[in-house]
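Numbers restart at 1 for each chain; the letters A, B, ... are given by sequence-line order, proteins then strands.
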Amino acid sequence: MADVTLTLPDGSNRVFPAGVTAAAVAEDISKSLSKKAISATVNGAHWDLQWPITADAEIAIHTLKDDVQALELIRHDLAHIMARAVQDIWPDVKVTIGPVIKNGWYYDFDRADPFSPEDLGLIEKKMKEIIAARDPVRTEVWDRPRAIAHYKALGEPYKVELIDSIPGDEPLRMYWHGDWQDLCRGPHLQHTGQVPADAFKLMSVAGAYWRGDSTRPMLQRIYGVAFQNRDELKKYLNFLEEAEKRDHRRLGREMDLFHFQDEAPGMVFWHPDGWTIYRELEDYMRRQLTRDGYREIRTPQVVDRKLWEASGHWDKYRENMYITEIDEEHANEKRVNALKPMNCPCHVQVFNQGIKSYRDLPLRLAEFGSCHRYEAHGALHGLMRVRNFTQDDAHIFCTEDQIEAECAKFIDLLSRVYTDTGFGSFDIKLSTRPEVRVGSDEVWDKAEQALEKAILSIRNDYEVDPGEGAFYGPKLDFKLTDAIGREWQCGTFQADFNLPERLNANYIGTDGEKHRPVMLHRAVLGSFERFIGILIENYAGRMPFWIAPRQVVVASITSEADNYVREVVNALQGAGLRAEADLRNEKINFKVREHSVAKVPVILACGAREVDTRSVTVRRLGEKATSTETLDAIVNELGIAARAPDLV
RNA sequence: GCCGCAGUAGCUCAGUGGUAGAGCGCACCCUUGGUAAGGGUGAGGUCGGGAGUUCAAUCCUCCCCUGCGGCACCA
């Protein structure tokens with residue numbers, strides 16, 4: 001057999017007989033490396049130590065210190081170890097698939113009775129036994145008939161189906177962890193003992209559809225998380241705790257911002273402080289839109305089905321729409337209406353009033369449009385997913401040639417808004433033409449290129465999601481990253497060649513003929529509700545001063561200071577601040593604690609000393625130290641600090 | 001919509017086949033206290049809704065609603 005030349009990361013070459021395994025290469029390098037080795041990279045591919053190498057290659061041997069490969073393998077092997085543990089305990093459970101995901105893995109099982117939280121403890125214990133046994137991992141390539149016969153004999157129908165769906169030119173690989181066998185593309189560790197036994201945890205059980213298809217059986221999914229060592233696991237568990245502390249549903253209740261109740265599921269009851277945040281954000285957005293040449297409009301909530309039929313919503317979107325009928329006793333004619341789930345058809349109606357000229361384009365019509373959508377009840381989630389929400393929506397009517405400039409203008413607006421609201425960076429995703437679509441290829445070419453060019457004018461990295469565009473046009477989605485690294489999709493920019501056609505929008509061109517405008521659907525925040533939820537979680541309730549619903553509390557230390565406190569509050573309110581007095585018969589300790597817990601950014605305490613010197617003692621949220629300032633100085637200082645970022 | 005879990009005072013939660021309890025909060029009283037909880041007294045619940053089993057249901061059974069964790073969905 002011929003030899004192969006392997007090039008190591010340090011540039012040196014070693015020659016082996018063809019078919020050598022990465023394990024043998026590691027062994028050749030050093031005894032200790034061969035023990036520590038977990039996998040290899042061979043010509044860029046993640047490679048099992050047992051797989052043969054049949055051609056010259058660049059090779060690197062990995063140990064647990066190589067983050068990417070180590071995490072991949074630890075999690076992947078744990079998926080197998082968990083499945084083995086489950087079948088050890090309950091032999092009749094059917095196995096399906098168990099991929100690696102962010103922070104861990106899951107495995108889906110078919111089992112008559114769901115797993116209980118106590119079962120997780122049992123499984124975890126069994127997994128630790130398997131790890132302690134240091135069972136060797138072994139792999140073989142099987143041919144299809146053998147694999148299918150094997151799984152049929154075992155009564156594992158899901159595996160049979162999986163084999164059927166694997167492309168014919170791909171080898172079928174079997175893996176054994178000890179005696180337990182699973183179909184798997186690999187790679188895997190050398191033995192189960194290479195998994196750190198104290199750095200994983202089974203997290204939860206949940207139902208999940210087989211192959212993600214809601215018409216197929218519901219399986220039982222167990223989620224686990226795993227890291228390279230116990231500290232990393234701890235760090236992750238702390239992160240989860242941190243995320244829970246930031247939960248906007250909890251903070252919304254604690255800070256008295258909003259509530260939900262059974263009579264209106266998925267619809268927000270905004271309380272005064274929550275609504276203050278909302279209004280501050282809305283005022284800010286209105287200024288931004290005005291600055292960028294948008295005209296604000298307002299369109300009806302309840303609209304006859306005829307319009308929804310014309311727009312296509314009645315056909316494509318009806319199960320998400322609230323349908324209303326006028327009470328027949330009071331109406332001469334029975335009309336079927338729908339609460340608007342989107343603003344676009346109404347905006348076209350505004351555009352269609354009167355005759356539009358090319359001189360009117362681009363026409364930017366904005367609406368803080370309240371929409372109702374009947375979302376599946378399992379989808380509802382605090383402010384993040386609601387049934388009644390308000391979009392910072394706008395539709396830009398323009399020519400195809402104007403798409404690029406409008407897109408660039410939009411990205412500029414969006415960057416400003418995200419920066420001003422405290423989000424440093426955002427990612428862009430371009431979704432291109434789907435298989436089922438309207439419009440000619442030329443128009444799609446033009447639209448996709450326009451969006452692409454607009455992105456490239458501000459940055460050179462973006463993700464492309466081929467085929468994921470809307471049927472009416474390509475779109476950009478904007479995802480921002482919050483303070484603890486979570487991504488939220490908020491902004492969107494969509495080119496639409498369809499709706500103007502359906503709703504017969506047109507303008508008179510330079511040639512005196514009628515033309516179809518393109519319609520650009522776009523939103524920066526997405527919905528106010530959701531964006532405020534994200535803000536709350538991003539800031540853990542400690543809102544930036546300009547948007548904080550309660551900016552200043554002036555607290556009396558003794559009742560002697562009450563009148564002075566009132567004077568201070570008046571002065572602050574006069575400067576436009578949201579200030580309130582706390583004159584309650586409580587000690588200053590109590591007041592400081594309560595307002596700190598309520599995340600009021602500034603507490604001004606006033607006792608006899610302050611009254612005498614016409615000053616206040618300032619305590620800022622998150623700081624222990626206090627300072628004393630004159631009344632005039634603090635009013636001036638806080639007045640400046642309270643300006644919205646665009647008004648500084 | 002699907003799988004699982006849950007719903008008891010404003011909040012967090014305990015509890016029992018014989019119609020309920022704590023802490024915090026709230027009200028009132030005492031206390032005028034200098035930067036994260038001063039003390040006392042008191043009010044407050046049709047135990048998510050409906051039906052059933054039972055002498056008796058907050059507790060057991062069924063249906064529904066809502067919430068939570070996922071899945072599916074997310075123009």
Side-chain angles (χ1 to χ4, degrees), chain A residues 106 108 111 113-117 119 203-223 244 247 249-250 253-254 256 259-266 311-313 316-321 340-345 371 373-382 384-387 389 391 393 469-473 475 477 489 492 494 496 498-499 521 523 526-527 530 555-562 583-598 603-610 617-628:
Chain A
Y106 66 77
D108 287 345
R111 182 191 193 218
D113 298 316
F115 295 101
S116 69
D119 291 341
M203 300 300 285
S204 59
V205 189
Y209 296 111
W210 169 235
R211 315 213 109 182
D213 183 342
S214 60
T215 63
R216 317 257 348 231
M218 176 69 69
L219 306 171
Q220 300 298 323
R221 174 173 300 179
I222 300 178
Y223 284 94
E244 200 180 317
D247 190 316
R249 295 166 298 186
R250 168 182 168 159
R253 189 171 48 238
E254 287 173 4
D256 194 17
H259 83 273
F260 292 90
Q261 64 184 51
D262 291 3
E263 287 80 356
S311 69
H313 287 82
K316 297 241 155 81
Y317 205 66
R318 182 145 46 125
E319 72 257 29
N320 286 300
M321 289 164 72
K340 70 174 170 189
M342 299 182 200
N343 303 300
C344 25
C371 297
R373 294 180 193 174
Y374 185 80
E375 303 286 1
H377 84 257
L380 301 179
H381 182 92
M384 303 301 189
R385 192 78 181 270
V386 287
R387 287 179 174 158
F389 55 93
Q391 295 175 309
D393 201 9
F471 70 91
Y472 49 74
K475 62 176 183 175
D477 289 317
Q489 199 215 296
T492 186
Q494 308 173 359
D496 180 358
N498 184 46
L499 207 54
H521 307 242
S527 95
R530 182 174 141 89
S556 58
I557 294 170
T558 77
S559 53
E560 310 271 288
D562 284 3
L583 304 176
R584 291 175 304 169
N585 176 16
E586 296 291 351
K587 294 196 174 184
I588 191 65
N589 288 315
F590 181 93
K591 295 184 184 182
V592 164
R593 175 174 196 279
E594 191 177 271
H595 300 306
S596 298
V597 168
I603 300 170
L604 303 180
C606 300
R609 287 206 298 267
E610 287 77 11
T617 297
V618 187
R619 180 176 170 132
R620 290 170 199 277
L621 185 59
E623 292 175 17
K624 260 205 135 91
T626 60
S627 63
T628 301

Tell me whether A:E254 is salt-bridged to A:R250, with the criterion being a basic N under 4.0 Å from an acidic carboxylate O.
yes

Could you give the NZ-to-P distance, from A:K587 to B:C30, as a whole number of Å?
16 Å

Dot-bracket encoding per residue of RNA chain B, Watson-Crick/G-U cut-off under 3.5 Å, | denoting interstrand:
(((((((..((((....[..)))).(((((.......))))).....(((((..]....))))))))))))....

With sugar-phosphate taken as primed atoms, P, OP1 and OP2 and all else as base, the protein-contact string of nucleotides 62-73 of chain B at under 4.0 Å (heavy atoms; B, S, -) is ----SSSBBBBB

With a 4.0 Å cut-off, would you call A:R253 and A:D247 a salt bridge?
no

Check if the side chain of A:T617 and the base of B:G34 share a donor-acceptor pair of N or O atoms closer than 3.5 Å.
yes

At under 4.0 Å between heavy atoms, what does A:E610 touch on the DNA or RNA strands: base, sugar-phosphate, or nothing?
base

Rounding to an integer number of Å, can you tell me how far A:E586 CD sits from B:U35 P?
16 Å

Could you tell me whether A:A555 contacts a base, only the sugar-phosphate backbone, or nothing, with contacts defined as non-hydrogen atoms closer than 4.0 Å?
nothing

So what does A:Y317 touch, heavy atoms closer than 4.0 Å: a base, only the sugar-phosphate, or nothing?
base

Considering only the C1' atoms, how many Å lie between B:C26 and B:G45, rounded to the nearest integer?
15 Å

P atom, B:C62 versus B:C74: distance in rounded Å?
34 Å

Can you tell me how far P in B:C28 sits from the matching atom in B:C65, rounded to whole Å?
43 Å

Within the structure shown, what part of the strands sits under 4.0 Å from A:K624 by heavy-atom distance: base, sugar-phosphate, or nothing?
sugar-phosphate

Whole Å only: how far is the CZ atom of A:R620 from the C1' atom of B:U35?
15 Å

A:Q261 and A:H259: side chain donor to acceptor below 3.5 Å:
yes

Is the positively charged end of A:R387 above the ring of A:F389, judged by distance under 6.0 angstrom from the centroid and angle within 45° of the axis?
no

Taking CH2 from A:W210 and C1' from B:C2, how many angstroms apart are they, rounded to a whole number?
17 Å

In whole angstroms, how far is the P atom of B:C24 from the CD atom of A:E254?
17 Å

Work out which heavy atom in A:Q391 is nearest to a heavy atom in A:C371; give both atom names and the distance.
OE1-SG, 3.7 Å

With heavy-atom distances below 4.5 Å as the criterion, would you say the side chains of A:Q220 and A:D108 are in contact?
no

Checking side chain to side chain contact (heavy atoms under 4.5 Å, CB included) for the pair A:I222/A:F115: CA distance, chi angles, key distance, verdict?
CA-CA 8 Å; A:I222 300 178; A:F115 295 101; 3.8 Å; yes

With a 3.5 Å cut-off and heavy atoms only, can you find an N or O donor on one side and an acceptor on the other between the side chain of A:E319 and the base of B:G1?
no

Any side-chain N or O of A:R619 below 4.0 angstrom from OP1/OP2 of B:A36?
yes

Can a cation-pi geometry be assigned to A:R221 and A:Y106, taking NZ or CZ under 6.0 Å from the six-membered ring centre and within 45° of the ring axis?
yes

What is the distance from CZ of A:R216 to C1' of B:C2, rounded to the nearest Å?
15 Å

May I ask you to verify whether the side chain of A:S559 and the base of B:U32 hold a donor-acceptor pair under 3.5 Å?
yes

What's the CG-P distance between A:D256 and B:G25, to the nearest Å?
16 Å

Just the rounded figure in Å: distance from P of B:C2 to CD of A:Q220.
15 Å

When you compare B:A14 with B:U19, how far apart are their P atoms, in angstrom units rounded to a whole number?
22 Å

Charged N to carboxylate O below 4.0 Å: is that the case for A:E244 and A:R249?
no

Does any donor atom in the side chain of A:T617 or A:E610 lie under 3.5 Å from an acceptor atom in the other side chain?
yes

Between B:A43 and B:A36, how far apart are the two C1' atoms, rounded to whole Å?
28 Å

